[in-house]
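Here is the structure we will look at.
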Amino acid sequence: MTEKKVILTGDRPTGKLHIGHYVGSLRNRVALQNSGEYDTYLLIADMQALTDNARDPEKIQHSLLQVALDYLAVGIDPEKSTICVQSQLPALNELTMHYLNLVTVSRLNRNPTVKTEIKQKKFGQSVPAGFFIYPVSQAADITAFKANTVPVGADQEPMLEQTREIVRTFNSIYNQPILVEPEGYFPPKEMGRIPGLDGNAKMSKSLGNAIYLADDPDTIQKKVMSMYTDPDHIHIEDPGKVEGNTVFTYLDIFAKDHEHVEELKQQYRHGGLGDVKIKRYLNEVLQAELEPIRTRREAFAKDPAAVYDILRAGSEKARQVTNQTLEEVRDAIGINYFK
Ligand code: TRP
C-alpha cells in the first residue's frame, strides 16, 4: 500500500472567519479533502494566537469554537479531515525548541510576513519573543505531521520557505531523512486576496471591513450596500471605473455568470449603470453563496458539546502522529538516553 500524501493547514483562533479566508484557503481545503487523495489535518493554532494575545486568553478560548464552526460550516467533514487543537499537542512545543537551535535570529528578522505584522500590530520595540519565533513553531506544526502539502493564503509562503530550510538543515545534520519538505498550495492569483469592503487591500477583522461566514442576510446586505466603488462615479450617467472597484472585484470572484458580469462592466464603464444596481446584484450572488454555509453553521452551533467532542477526538489522533515524529527526532538527536 502506498502511503497517502498528507495535508496540514491551520488558522489562528482570533475571531470568526470571513469570506477572505473562504476564497483564500477554506474552499481549497474542502476540495482537497474531498479528492480523497490526502490525509488531511486542520490545526486550530491557539498557541500561535496567544503569542500576541497572552493578556486576552478569553478571546482565544471563545474563538476556538467559532473557527471550528466555520470549518464545519464550509464543508470540512470530521470523517475525512482531522481537526485538532495546537495546545493539546505537546510534541509541537518540544519540536519548536529543537528547531530554534537551527535558525538564526537574523534569519527570523528577515521574514517578510512577520515584519509586516510587527508594523501592523504596532509592537515597536516590544515584540513578544514568542511572536517573533512563531515561524519556527509553525515549522513544528507542519513537520510534526510530515505534511507534503500546505493549503494556505499567499502570505504564508515565507513560513513554508523557512520550514523547508529547517527540514533540510535537520535532515543533513542528523543524517537521516526524517522530516519532509512541504509545498504550499495556493489559490489562483486573482482569488488570492480579496479586498476589504472599504477597498483596503486586506480584508481583516481589525480593519472592520469583512463579511463573516456567520453574518445574517441583513448584515450582508448592509455591508454590500456600504461597499467602496468608484468615488468619481457620482451620477448614474457618468462613466465609471471597474478596475479597483470593489464590487466588481467581488463579482469576478463570486458570480457564476461571467458573461453577465462582463456586460455589467461594459455598461458601467460607458455610463448609465448605477452603484445601487450592481450592489443589488452582488448581494444576490453573495446571499446565494453564503446561505448554505450559514445554515450548516447554525445547526452545528446548537450543540457546542458535540463540536468539542470532534476537537477532542481529532486532537487525540493528532497527538499520536506528532508524538511519533518527536520520538524520531529525539532518536536522531540522540537524547533518548534511557531507551
Ligand atoms: N500562520 C497561519 C495564519 O496566520 C496559521 C497557522 C498556524 C498555520 N500553524 C499553521 C498555517 C500550520 C498552515 C500550517 O494563517
Side-chain angles (χ1 to χ4, degrees), residues 6-14 41-54 60 84-121 123 125-174 176-185 318-319 321-335:
V6 178
I7 285 181
L8 177 280
T9 181
D11 294 280
R12 294 179 197 169
T14 53
Y41 294 91
L42 275 84
L43 180 75
I44 307 186
D46 58 338
M47 298 287 283
Q48 191 178 110
L50 282 164
T51 61
D52 65 327
N53 287 286
I60 310 306
C84 56
V85 182
Q86 194 180 27
S87 60
Q88 310 306 303
L89 309 175
L92 301 180
N93 301 322
E94 188 176 331
L95 285 173
T96 303
M97 290 303 285
H98 295 308
Y99 297 168
L100 278 169
N101 301 331
L102 308 178
V103 173
T104 64
V105 172
S106 68
R107 174 66 181 85
L108 282 168
N109 259 323
R110 287 198 302 272
N111 185 307
T113 301
V114 177
K115 261 197 205 162
T116 311
E117 284 175 311
I118 287 174
K119 269 196 215 118
Q120 273 171 357
K121 293 175 194 282
F123 281 135
Q125 292 304 302
S126 323
V127 185
F131 184 84
F132 180 64
I133 63 116
Y134 90 74
V136 180
S137 130
Q138 190 158 331
D141 301 341
I142 295 168
T143 55
F145 291 88
K146 302 199 173 175
N148 318 90
T149 306
V150 184
V152 277
D155 65 325
Q156 297 294 303
E157 175 58 22
M159 310 303 159
L160 290 159
E161 190 51 42
Q162 189 130 38
T163 303
R164 287 190 287 268
E165 285 173 30
I166 290 171
V167 168
R168 288 196 285 266
T169 307
F170 184 95
N171 287 349
S172 104
I173 292 178
Y174 300 108
Q176 294 176 55
I178 292 177
L179 303 178
V180 175
E181 281 191 48
E183 289 294 328
Y185 184 97
R319 200 174 303 133
V321 176
T322 54
N323 282 348
Q324 167 65 29
T325 304
L326 177 62
E327 268 315 288
E328 292 169 28
V329 162
R330 291 176 63 105
D331 280 340
I333 300 177
I335 53 172

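All of these numbers come straight from a predicted model, not from anything done at the bench.
At a threshold of 4.5 Å between non-hydrogen side-chain atoms, the residues Phe145 and Leu89 count as touching. Residues Glu94 and Arg330 meet the side-chain proximity criterion, which asks for heavy atoms closer than 4.5 Å. Side-chain contact between Val6 and Lys146: absent, with no pair of heavy atoms (C-beta onward) separated by less than 4.5 Å. In this structure the side chain of Ile178 reaches within 4.5 angstrom of the side chain of Asn171, judged on heavy atoms. At least one side-chain heavy atom of Phe132 sits less than 4.5 Å from a side-chain heavy atom of Val105. For the pair His98 and Val329, the minimum side-chain heavy-atom distance is below 4.5 Å. In this structure, Leu43 and Gln48 have side chains that are not in contact, with every pair of non-hydrogen atoms separated by 4.5 Å or more. In this structure, Pro128 and Thr51 have side chains that are not in contact, with every pair of non-hydrogen atoms separated by 4.5 Å or more.
The pair Glu161-Arg164 counts as a salt bridge, with a side-chain nitrogen and a carboxylate oxygen less than 4.0 angstrom apart. With respect to Glu165 and Arg110, no salt bridge is recorded, no charged nitrogen being found less than 4.0 Å from a carboxylate O.
Note that CD1 of Ile142 and CD of Glu181 are 12.0 Å apart. Values are rounded to the nearest 0.5 Å. Atom CD of Gln324 sits about 15.5 Å away from atom CZ of Arg319, to the nearest 0.5 Å. Between atom CZ of residue Phe131 and atom CG of residue Asn53 there is a gap of 9.5 Å, rounded to the nearest 0.5 Å. Atoms CD and OH, on Glu117 and Tyr134 in that order, are 3.5 Å from each other to the nearest 0.5 Å. Taken from CG in Leu102 to OG in Ser172, the straight-line distance is 9.5 Å, to the nearest 0.5 Å. Rounded to the nearest 0.5 angstrom, Thr116 OG1 and Lys121 NZ are separated by 11.5 Å.
When all heavy atoms of Ala154 and Pro158 are compared, the closest pair comes out as O-CD, 4.4 Å. The two residues Gln86 and Ser137 come nearest to each other via the heavy atoms NE2-OG, 3.9 Å. Closest approach of Ala49 and Ile60 over heavy atoms only: CB-CD1, 3.7 Å. Nearest heavy atoms, Val180 versus Ala147: CG1-O, 3.8 Å. Here the shortest heavy-atom pairing between Thr163 and Pro182 reads CG2-CG, 3.7 Å.
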Given side-chain hydrogen bond (donor to acceptor under 3.5 Å, both in side chains), test Asp46 with Ser87 step by step and report yes or no. CA-CA 6 Å; Asp46 58 338; Ser87 60; 2.5 Å; yes
Yes or no on side-chain contact (heavy atoms from CB on, under 4.5 Å) for Gln162 and Val103, after CA distance, side-chain angles and deciding distance? CA-CA 9 Å; Gln162 189 130 38; Val103 173; 3.7 Å; yes
Evaluate side-chain contact (heavy atoms from CB on, under 4.5 Å) for Asp11 paired with Ile44, printing each intermediate quantity in order. CA-CA 5 Å; Asp11 294 280; Ile44 307 186; over 6 Å; no
Determine, step by step, whether Val152 and Leu160 satisfy the side-chain contact (heavy atoms from CB on, under 4.5 Å) criterion, reporting the C-alpha distance in whole Å, the side-chain angles of both residues, the deciding distance to 0.1 Å, and the verdict. CA-CA 10 Å; Val152 277; Leu160 290 159; 4.1 Å; yes
Hey, mind stepping through Phe170 and Ile333 against side-chain contact (heavy atoms from CB on, under 4.5 Å) and telling me if it holds? CA-CA 9 Å; Phe170 184 95; Ile333 300 177; 4.1 Å; yes
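In terms of modelled atom types and a separation under 3.5 Å, the side chain of Thr113 and the main chain of Asp155 share a donor-acceptor contact. A donor-acceptor pair is defined here as one N or O able to donate and one able to accept, closer than 3.5 Å; such a pair exists between the side chain of Thr9 and the backbone of Pro151.
Paired with Tyr99 under the rule side-chain contact (heavy atoms from CB on, under 4.5 Å), one option of Thr143, Ile133, Thr169 passes, and it is Thr143.
Between the side chains of Gln156 and Gln138, a donor-acceptor pair is found at a separation under 3.5 Å.
For CE of Met159, the number of neighbouring non-hydrogen atoms (other residues, nucleotides, ligands) closer than 6.0 Å is greater than 12.
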